[in-house]
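Below: the structure, in structure tokens.
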Amino acid sequence: MTTIALGPLTTATSPVRRADARQPATRLRLTARGRAVLTAVAAVPAVLVILGAIWGGGAALASLDPAAPAGTFETVTVSSGDSLWSIAEEIAPDADPRDVVSDIARLNGLTGSVVSAGQRLAIPAVYSQ
């Protein structure tokens, strides 16, 4: 037969934990290796930003030379098939083309030797005579 008891339930099992009974929070423990890894992971973005600033910091400057005074250069429009070398040979046939190309590149703030058709280049007045 089955017995039914009305009233508070008492059992001999393990005590029930209440939801409001809190255990003390444990602290996060980091070993020396964990601190080193955490420091490295936190430092990577800062290092990348610093390297980016160093690498691209001078990109805004066209040239370190002061601006050329008015009247010290003439302009030439690049034709299809022209290169800095061909322009240098055309405007200064007696001068060393390497020096002329260097002067044109510096005056125009060019970082390479590629020019496009229709591009206007400033030519130093020394070579435009």
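Remember, it's a predicted structure, so these values are computed and weren't measured experimentally.
- Annotation: side chain to side chain donor-acceptor pair (under 3.5 Å) contacts involving residues 87-96, sequence neighbours excluded, comprise Trp85-Glu89, Asp96-Arg98.
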Could you check Leu121 against Leu84 for side chain to side chain contact (heavy atoms under 4.5 Å, CB included), going step by step and ending with a plain yes or no?
CA-CA 10 Å; Leu121 294 175; Leu84 282 179; 3.8 Å; yes

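- Taking the side-chain contact (heavy atoms from CB on, under 4.5 Å) definition, one finds that Ser86 meets it with Asp82, Ser83, sequence neighbours left out.
- The shortest side-chain heavy-atom distance between Ile87 and Ile123 falls under the 4.5 Å cut-off.
- For the atom pair Ile104 CD1 and Leu110 CG, the distance stands at 9.0 Å (nearest 0.5 Å).
- Taking each heavy atom of Ala92 and Val100 in turn, the nearest pair found is CB-CG2, 3.9 Å.
- Taking both residues in full, the closest heavy atoms of Ala88 and Pro97 are given as CB-O, 4.0 Å, listed atom of the first, atom of the second, then distance.
- Residues meeting the side chain to side chain donor-acceptor pair (under 3.5 Å) test with Thr77, sequence neighbours left out: Arg120.
- For the side chain to side chain donor-acceptor pair (under 3.5 Å) condition, no pair includes a residue of residues 33-51, sequence neighbours left out.
- Nearest heavy atoms, Leu107 versus Pro124: CD2-N, 3.8 Å.
- Asp103 meets the side chain to side chain donor-acceptor pair (under 3.5 Å) test with Arg106, Tyr127; sequence neighbours excluded.
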